[in-house]
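The structure appears right after this line, and notes come after that.
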Amino acid sequence: GTMSIHGIKKSLEIDCTVIRQKDGYRVRSDFSVRLPDYKIEVPSLMFMKINEKIALHLDFGLAGAGAVSAR
């Protein structure tokens, strides 16, 4: 898919787990993105520096929109 952050688009291929449920699907994934890849400046606080690689955890559900009747 394509990840878009702050107007910067990058193609990503990530592994995920898809579980079929009675009302749709549940999708889970863990992956990392590098902030500089999206032109996000990594802030530093005093003597600490924040990692430029951020771990993301996705957990969401997908359900059909239902039948749409033609008018």
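Values below: every heavy atom of this structure, side chains too, minus hydrogens, waters and symmetry copies. Small disclaimer: the values here were computed from a predicted structure and weren't measured.
For residues 32-42, the set of pairs meeting the salt bridge (charged side-chain N to carboxylate O under 4.0 Å, His left out) definition, not counting sequence neighbours, comprises Arg34-Asp37, Arg34-Glu52. Judged as a side-chain hydrogen bond (donor to acceptor under 3.5 Å, both in side chains), the pairs with a partner in residues 14-27 (not counting sequence neighbours) are, in order, Arg20-Tyr25, Arg26-Asp59.
Residues satisfying the side chain to side chain donor-acceptor pair (under 3.5 Å) criterion with His6, sequence neighbours excluded, are absent altogether. With sequence neighbours excluded, the residues forming a side chain to side chain contact (heavy atoms under 4.5 Å, CB included) with Ser32 are Lys53, Ala55, listed by chain and number.
Taking 4.5 Å as the limit, every side-chain heavy atom of Val27 sits out of range of all side-chain heavy atoms of Leu58. Using a 4.5 Å cut-off on side-chain heavy atoms (C-beta onward), Phe31 and Met3 make contact.
Residues Leu12 and Tyr38 come closest through the heavy atom pair CD1-OH, 4.1 Å.
Taking NE2 of His57 as the start and OG of Ser29 as the end, the distance is 9.0 Å to the nearest 0.5 Å.
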- Task: I would like to know whether Ile5 and Ile40 meet side-chain contact (heavy atoms from CB on, under 4.5 Å); could you show each step before the answer?
- Result: CA-CA 9 Å; Ile5 302 175; Ile40 298 172; 3.7 Å; yes

